[in-house]
Amino acid sequence: MTEAKSQTTTGAPIQPAFILVRPQMGENIGAAARAMLNFGLERMRIVDPRDGWPNPKANALASGAGRVLDAAGIFPDVPRAIADCDFVFATTGLKREMVKPVVTPERAMQMVREMAAAGKKVGILFGPERTGLENDDVALANVIVTVPTNPDFSSLNLGQCALLVAYEWGRQQIDVPPEIMMLARTEFANREEVEKLGDHFEERLDAAGFFFPPTKSAGMRLNLRNMWARLNLTRAEVQTFHGMLRQIAYKLRQQGD
């Protein structure tokens, strides 16, 4: 049985099929479906699930990704699940006595994208929870995918493994900056606003006798200006500093009276 088509955009690259081989727990199938949909993947195939299919526990853990499960193809064995695939990856953390390339999930998804863009169909095998893929399953794959984990504790849950691979697919699909600044309904202060804040601080510090001795005053002022420029203050923060200085000056005047 072939899974329902999930490509809705004409000419769009064919998504890789996530092929869960002999999964033991419906919960993990659901978790894998949720991980897939998180990153825009919907082609799931299930090989000989232990508890049969459909599985209500899978739907419960899918948490909104039920359409991935509804469209999943059910197959009796791996050869039939990958019969229409042009290229197959096998995920495993175990060393295999086989001559095969071993790649990271990042490199695997780079390869998948190149092949998908060329109209190739790709399958990715994920093994059962207790034992992982058997050698007979891995032998059918072109390339092994291994996640660099702690060598003393390398076993990954099925849902976790699916999430890591799906994440790499999604990450490479869109250009996401590694760092952004959340400005919370404000914007960065311009240079003039920062300069005026520096003037205000120097005025108050000068009145308080901070720039002492006079021979060091120029260097102290330069350090302060450098600090203000380095802080990347928002307009709201600049106004907060001005308010603080005004309040301090007001209280000092009251005490002087």
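Index from 1, following the sequence.
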Met115 and Asp86, any side-chain heavy atoms less than 4.5 Å apart
no
Glu134 backbone acceptor or donor facing Asp137 side chain under 3.5 Å:
yes
Might you point out which heavy atoms bring Leu69 and Ala62 nearest each other, and give the distance in Å?
CD1-CB, 3.8 Å
Shortest non-hydrogen pair, Met36 vs Ala166, comes out as CA-CB, 4.2 Å
For side-chain contact (heavy atoms from CB on, under 4.5 Å), just list the numbers for Arg45 and Val21, CA-CA rounded to whole Å, side-chain angles, deciding distance to a tenth of an Å, and then say yes or no.
CA-CA 8 Å; Arg45 298 178 180 182; Val21 179; over 6 Å; no
State which residues pass side chain to side chain contact (heavy atoms under 4.5 Å, CB included) with Pro101; sequence neighbours excluded, sorted by chain then number.
Val143
Search all heavy atoms of Trp169 against all heavy atoms of Met109 and return the closest pair with its distance.
N-CG, 3.5 Å
Say you draw a straight line from OG1 of Thr240 to CG of Leu245; how long is it, rounded to the nearest 0.5 Å?
11.0 Å
Decide, yes or no, whether a salt bridge links Lys57 with Asp51 under the criterion of side-chain N to carboxylate O below 4.0 Å.
no
Are the side chains of Asn190 and Arg235 in contact, using a 4.5 Å heavy-atom criterion?
yes
Gap between atom CZ of Arg43 and atom CD of Gln15 - 0.5 Å precision:
7.5 Å
With distance as the sole test, does Thr234 use its side chain to make a donor-acceptor pair with the main-chain N or O of Phe188 at under 3.5 Å?
no
Transitively linked via ILVMFWY side-chain contacts under 4.5 Å: Met227 with Met220?
yes
Among Arg246, Glu195, His242, exactly one meets side chain to side chain donor-acceptor pair (under 3.5 Å) together with His200. Which residue is that?
His242
Of all residues at least two apart in sequence or in a different chain, which pass the side-chain hydrogen bond (donor to acceptor under 3.5 Å, both in side chains) check with Asn226?
none
With ILVMFWY side chains joined below 4.5 Å, transitively, what does Leu163's cluster contain besides itself?
Phe39, Tyr167
According to a 4.5 Å side-chain heavy-atom criterion applied to Ile, Leu, Val, Met, Phe, Trp and Tyr, with indirect links allowed, do Leu197 and Leu231 form part of one hydrophobic cluster?
yes
Minimum heavy-atom distance Met44-Val68, with the two atoms named
CB-CG1, 3.9 Å
Lys/Arg-Asp/Glu bridge criterion (N-O < 4.0 Å) met for Lys196, Glu193:
no
So do Pro49 and Asn55 actually touch side chain to side chain, heavy atoms under 4.5 Å?
no
Minimum heavy-atom separation for Thr91 and Leu133, please, with both atom names.
O-CD1, 3.4 Å
Minimum heavy-atom distance between Ala141 and Phe89, given as atom pair plus value
CB-C, 4.0 Å
Is there a side-chain contact between Lys120 and Glu114 (heavy atoms, below 4.5 Å)?
no
Among all residues two or more places apart in sequence or in another chain, which pass the ring-ring contact (aromatic ring centres under 6.0 Å, His included) test with Phe201?
Trp228, Phe241
Using atom types as modelled and distance alone, determine if a side-chain donor or acceptor of Glu168 lies under 3.5 Å from a backbone N or O of Ala108.
no
Salt bridge or not between Arg80 and Asp48? Use side-chain N to carboxylate O under 4.0 Å.
no
Joint cluster assignment, Met25 & Trp53, ILVMFWY side-chain distance < 4.5 Å
no
Can Leu164 be reached from Val145 by stepping across I, L, V, M, F, W or Y side chains whose heavy atoms are under 4.5 Å apart?
no
Tested for side chain to side chain contact (heavy atoms under 4.5 Å, CB included) against Ile144, the lone hit among Val103, Val102, Leu125 is Val102
Residues that, via side-chain heavy atoms closer than 4.5 angstrom, fall in one hydrophobic cluster with Leu61:
none
Passes side-chain contact (heavy atoms from CB on, under 4.5 Å), Leu37 versus Glu42? Steps please.
CA-CA 6 Å; Leu37 195 56; Glu42 298 188 38; 3.8 Å; yes
Just jot down the side-chain hydrogen bond (donor to acceptor under 3.5 Å, both in side chains) partners of Gln247, sequence neighbours excluded, or say none.
none
Can you tell me how far CG of Asn28 sits from CG of Leu20, rounded to the nearest 0.5 angstrom?
9.5 Å
Is the shortest distance from a Lys or Arg side-chain nitrogen in Asp77 or Arg22 to a carboxylate oxygen in the other one below 4.0 Å?
no
Is the count of non-hydrogen atoms from other residues, nucleotides or ligands lying under 6.0 Å from Arg50 atom CZ greater than 12?
yes
Please tell me if the side chains of Leu224 and Leu205 come closer than 4.5 Å, counting only heavy atoms from C-beta onward.
yes
Cluster link Val147 to Ile19, ILVMFWY, side chain under 4.5 Å:
no
